[in-house]
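Predicted model only: the values in this text are computed from it and were never measured. Just so you know, ligand 1 is whichever comes first in the structure, and atom 1 is the first atom listed for that ligand.
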Amino acid sequence: MLQVKEITANQLDTKEFIKEKVAEISEIVGSGIAINALSGGVDSSAVTMLGHKALGGRLRTYFIDNGIMREGEPQQIVSVFKKIGVNVEVIDAQDEFLNALKGVEDPEEKREAITQTFYKKVFGNLVKKSGAKHLLQGTILTDVDETVAGIKRQHNVFEQMGIDPQAAFGYKIIEPLVQLRKDGVRKVAEALGLPLSTYNRMPFPGPALSARVIGEATKERIILVRKATFILEEELASVKAFQYMAILHSDRVTGIRDNKREFGQQIEIRCWDSIDARKAAPTQLSFNTLEKLANRLVTEVPGVVSVTYNIATKPPSTMEAI
Ligand code: XMP
């Protein structure tokens, strides 16, 4: 197994780090073309900027619209990067992802379905189309740790799992951030000139909203959790927390609406205090905040009759529910 040498946020000299990584990317890609997928999160945003510094127009940046992103996300990310002079092409791959998720309930199988669709199908095609030989991606050390430890198969970890991307997908992967954790990446992103809304952005997992649906992630269930997520992010926007999320459970419970029985949906709210995602504790949200949130969820999201707040720590919980 490959050992990765950690650079802690305290040790990090952002200027030196950026210089080194830009040189490394230039050297590896040579005069060729590379591609990368931008999700808008701090990791992929930092990689996009490093890649553009190193390769300019020879880095093709794509936003993969996988149908499991949050409300308005594709347009919002494209416009943030347009403002800083980076062109991002949106690829509509909604059907591919939703088809791959059909009938899949097991968390690891869901992750695997997304991995295969992303790297083999969608990226396989983009590599052919663009003539790229390299993919730049924002894997960080926490992704590697948890995958290697067998906790969660993060969608973007290969080499440490003994998978050769060249043999499996037909291109090489460059991971400039793999020595850093989230706090280090935020420092690098700030030093790269990204806006505060990006370098401070709350993490969002690769498997997107499908990680927030327990059981099968159908189009209808994604729409439901997307609505809940929108409300939750609006209500908690001023809360200082590492991450918050709405999770749609698979089991239903009996509720009552308009004097009639409603066998309804359950939403679990999670809100975490954490520094680097390795350990986390639930944020002590005020009961007022929770009540307001619950009220909006049961009135604005069709079918929701139960709202709970997770109060367990990580470990033994993990931050995402699948
Ligand atoms: P967990 O759930 O492993 O999450 O405690 C730790 C942090 O990593 C983010 N994240 C992911 N989580 N699959 C995940 O389960 C992924 O591919 C992924 N990418 C990022 C997660 O949102 C949390 O911040």
Side-chain angles (χ1 to χ4, degrees), residues 9 36-47 64 66 68-70 73 97 100-101 104 106-119 122-123 137-161 163 173 175 177-178 180-186 189 198-215 217 225 229 232-233 236 239-248 268-283 310-322:
N36 83 311
L38 172 69
S39 68
V42 63
D43 307 339
S44 68
S45 297
V47 164
I64 311 297
N66 53 15
I68 47 179
M69 299 306 273
R70 287 168 291 185
E73 211 154 14
F97 281 91
L101 286 166
V104 186
D106 176 80
E108 290 302 302
E109 283 176 25
K110 256 167 146 170
R111 286 164 187 277
E112 189 56 21
I114 288 174
T115 301
Q116 291 301 329
T117 309
F118 194 82
Y119 289 93
V122 177
F123 264 120
Q137 72 168 12
T139 319
I140 65 169
L141 195 49
T142 316
D143 301 339
V144 176
D145 282 350
E146 296 203 343
T147 303
V148 172
I151 296 165
K152 278 183 191 178
R153 167 77 167 83
Q154 303 273 333
H155 75 288
N156 54 2
V157 176
F158 300 107
E159 254 178 279
Q160 294 81 1
M161 299 291 287
I163 300 167
I173 295 184
E175 296 171 324
L177 306 178
V178 77
L180 305 180
R181 297 194 187 272
K182 210 52 131 194
D183 43 353
V185 180
R186 292 195 196 286
T198 302
Y199 70 75
N200 243 352
R201 197 166 187 257
M202 196 168 65
F204 188 64
L209 293 175
S210 81
R212 309 236 167 120
V213 169
I214 299 176
V225 87
T229 303
L232 176 129
E233 292 190 355
L236 299 187
V239 169
K240 280 204 167 56
F242 181 88
Q243 196 172 13
Y244 34 81
M245 59 195 73
I247 293 153
L248 174 61
E268 177 188 337
I269 301 164
R270 293 185 177 197
C271 182
W272 297 108
D273 289 338
S274 177
I275 297 194
D276 57 14
R278 281 187 291 181
K279 283 193 211 154
T283 306
N310 176 62
I311 51 169
T313 55
K314 172 183 179 175
S317 183
T318 56
M319 298 173 89
E320 302 289 345
I322 73 150

Does Arg186 use its side chain to pair, donor to acceptor, with the backbone of Val42 at less than 3.5 Å? no
Evaluate the side-chain proximity of Trp272 to Pro203: yes if any heavy-atom separation is below 4.5 Å, no if none is. no
So if I only count non-hydrogen atoms and take anything under 4.0 Å from ligand 1, which residues does that give, chain by chain? Arg111, Glu146, Lys152, Gln154, His155, Pro203, Pro205, Gly206, Pro207, Phe242, Gln243, Ala277, Lys314, Thr318, Met319, Glu320
Salt bridge (charged side-chain N to carboxylate O under 4.0 Å, His left out) pairs, two or more places apart, involving residues 313-322: Glu146-Lys314, Arg212-Glu320
What's the separation between atom OH in Tyr244 and atom OG1 in Thr283, rounded to the nearest 0.5 Å? 10.0 Å
OG-NZ distance between Ser274 and Lys182, expressed to the nearest 0.5 angstrom: 10.5 Å
Working to the nearest 0.5 Å, report the span between CD1 of Ile64 and CZ of Phe123. 4.5 Å
